[in-house]
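Report on the structure given below.
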Amino acid sequence: MAEAILSDATIRAIVRGECRDPFAFLGPHVVRRGRRSAVVVRAFLPTAEEIVVVPQAEGLPPGPMTRIHPAGLFEAVFPDQGDPFPYQLEVRGRGGVASRREDPYRFSSTLSDFDLHLLGEGTHYRAYEKLGSHLLGQDGVPGVRFAVWAPNARRVSVVGDWNGWDGRVHPMRLHPGNGLWEIFLPGLAEGSLYKYEILSKAKTLIALKSDPYAFSFEAAAPRTASMVVDLGYAWGDGEWMAGRGPKNALDAPQAIYEVHLGSWMRVPEEGNRSLSYREMGERLGAYVAGMGYTHVELMPITEHPFYGSWGYQPIGLYAPTRRYGTPQDFMAFVDALHQRGIGVILDWVPAHFPSDSHGLAYFDGTYLYEHEDPRRREHAEWGTRIYNYGRNEVANYLIGNALFWLEQYHIDGFRVDAVASM
């Protein structure tokens, strides 16, 4: 049974963005008032002037919400209701424009107990299917589920254009047993840009963090927001996939052509730009096939903020860099090479990561992905952080990443970088 009246301390925590358990107070809740029960609906929308709860159940009239805090905390009471009901919010903003929207805080968790168990013990080797951003529907409503691991945070929020990058608006649900934060945001679509705003236990705001499991990033570096994408693609390399085992075998004859996609060939008549993934699939594919190579080895193509690193300081391990196109464009590149009988090997960097503030470094206000011991934390020669492989979730992150590229992008193998430093 939820609180019938919020305490002053709870209200302050909500409007300041310090509430660790927003689902305990926002959204629909059954409360007891004497011998009778009621449903209380609460919403925190700082830019709203008026909000009306519009029930999607027969017989319930709309209920105007009362502003219970000037910062934008609203509440509506529906007496004689024993169970929550589906509803929408009709919101009138400061400009007088009204819109109808779903309330994220009326939706339940989309992670099963089994998922939470495997993720918690670090044995969910396809964690990328649950963590990160995923387009899905809940109760017939389309949207995006976000999930991130940040066990030592006080509060984690998803921020983006849709909420003014205001971390107070969409704080996430905490699963305290394993430090996972999750929320389903109805109405968001493919192409939405987002980051995580993290408040440490000391109530200090950590820099806005890119999603460790993001499948794509903004098109133009140095902008660093993650992007919601669908990884669907119609592959045409069935013949290669069916017979690639013998071709990729250790005792098979191989001639490998190593290449950095950004500098292999340029287009001088168009500002000396690099080729796109799709252009590279045709031109590079024809070149290596004509020269008798069996495989290409790509210098790292996972997203990286510093172009001068040639990809060897990655931040987005689950995202092909947007410098040359979309995830589907990179799939088309691999597809084109496979259809020419050419295997694709990735330079893979699970040894270290850069200390850029939007990345994995000091992720939740603690040394989470890297070692806490400063003697093991830094790679002195490169100025990068070293993964803490002793933490199950970190090992899971990297093992899952290898499986991700093999399964989602049909990659044929890896050349593991910087092994001597691991």
Side-chain angles (χ1 to χ4, degrees), residues 20 109-134 145-158 172-183 194-201 206-215 226 302-303 314-319 348-374 376-379 384-408 414 416 418 422:
R20 187 170 174 81
S109 172
T110 62
L111 295 176
S112 70
D113 290 342
F114 188 54
D115 288 328
L116 294 172
H117 170 74
L118 294 180
L119 291 166
E121 69 177 12
T123 57
H124 199 312
Y125 294 122
R126 288 170 180 81
Y128 61 84
E129 295 177 350
K130 303 299 178 180
L131 301 183
S133 62
H134 293 271
R145 180 191 63 216
F146 298 91
V148 65
W149 178 57
N152 302 302
R154 179 181 178 87
R155 185 260 297 168
V156 181
S157 299
V158 185
M172 304 172 76
R173 171 190 286 108
L174 171 63
H175 296 280
N178 49 25
L180 292 173
W181 300 78
E182 173 222 3
I183 193 170
Y194 70 97
K195 283 189 176 183
Y196 296 117
E197 182 180 279
I198 298 178
L199 186 72
S200 73
K201 286 185 177 178
I206 309 301
L208 293 183
K209 293 292 188 177
S210 301
D211 189 344
Y213 283 87
F215 295 152
S226 305
T302 49
E303 195 60 81
I315 275 184
L317 272 189
Y318 284 79
W348 185 51
V349 190
H352 63 122
F353 57 91
S355 57
D356 298 60
S357 61
H358 67 279
L360 298 179
Y362 206 64
F363 189 78
D364 64 354
T366 66
Y367 299 108
L368 188 64
Y369 283 86
E370 68 270 57
H371 291 276
E372 184 173 4
D373 185 341
R376 306 178 67 190
R377 183 191 312 150
E378 299 280 348
H379 196 297
T384 53
R385 301 283 174 90
I386 300 172
Y387 284 106
N388 182 355
Y389 305 108
R391 186 164 279 149
N392 288 339
E393 295 87 348
V394 175
N396 202 161
Y397 172 73
L398 296 170
I399 293 170
N401 185 247
L403 292 173
F404 171 79
W405 289 102
L406 295 172
E407 296 175 353
Q408 297 296 315
F414 301 103
V416 184
M422 292 172 65

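None of these values were measured; they are calculated from a predicted model.
Here D373 pairs with R375 under the side chain to side chain donor-acceptor pair (under 3.5 Å) rule; sequence neighbours left out. Remark: W348 pairs with N401 by the side chain to side chain donor-acceptor pair (under 3.5 Å) rule, at least two apart or across chains. When the side-chain contact (heavy atoms from CB on, under 4.5 Å) test is applied to L174, the partners found at least two apart in sequence or on another chain are R20, P176, W181. Considering only residues two or more places apart in sequence or on other chains, H134 meets the ring pair (Phe, Tyr, Trp, His ring centres under 6.0 Å) condition with F215. Take E393 and apply the side-chain contact (heavy atoms from CB on, under 4.5 Å) test, not counting sequence neighbours, and it matches W149, R391. A search for ring pair (Phe, Tyr, Trp, His ring centres under 6.0 Å) contacts involving H352 returns W382, not counting sequence neighbours. With sequence neighbours left out, Y125 forms a ring pair (Phe, Tyr, Trp, His ring centres under 6.0 Å) with no residue at all. Checked against ring pair (Phe, Tyr, Trp, His ring centres under 6.0 Å), Y397 has the following partners two or more places apart in sequence or in another chain: Y213, Y318, Y369. Residues passing the side-chain contact (heavy atoms from CB on, under 4.5 Å) test with N178 are L116, H175, L180, sequence neighbours excluded. With sequence neighbours left out, the side chain to side chain donor-acceptor pair (under 3.5 Å) criterion links N152 to D364, T366. In this structure H379 satisfies the side chain to side chain donor-acceptor pair (under 3.5 Å) test with no other residue, sequence neighbours excluded.
Side chain to side chain, T110 and R145 meet the donor-acceptor criterion of an N or O pair below 3.5 Å. Remark: the S133 side chain and the Y194 side chain contain an N/O donor-acceptor pair separated by less than 3.5 Å.
Side-chain atoms of S226 do not come within 3.5 Å of backbone N or O of A214 as any donor-acceptor pair.
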Next on the checklist: As a quick check of understanding, evaluate side-chain contact (heavy atoms from CB on, under 4.5 Å) for D356 and I315, giving each step before the final call.
Outcome noted: CA-CA 8 Å; D356 298 60; I315 275 184; 3.7 Å; yes

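Rounding to the nearest 0.5 angstrom, the gap separating the CG atom in N388 from the CZ atom in R377 is 11.0 Å. Interatomic distance, I198 CD1 to R154 CZ, rounded to the nearest 0.5 Å: 15.0 Å. Interatomic distance, CD1 of I386 versus CD of E370, reported as 10.0 Å (0.5 Å rounding).
Heavy-atom minimum distance, E182 versus S109: OE1-OG, 2.8 Å. Closest approach of L368 to A150, counting heavy atoms only: CD2-CA, 4.4 Å.
For the salt bridge (charged side-chain N to carboxylate O under 4.0 Å, His left out) condition, the pairs that include at least one residue of residues 118-127, sequence neighbours left out, are R126-E407.
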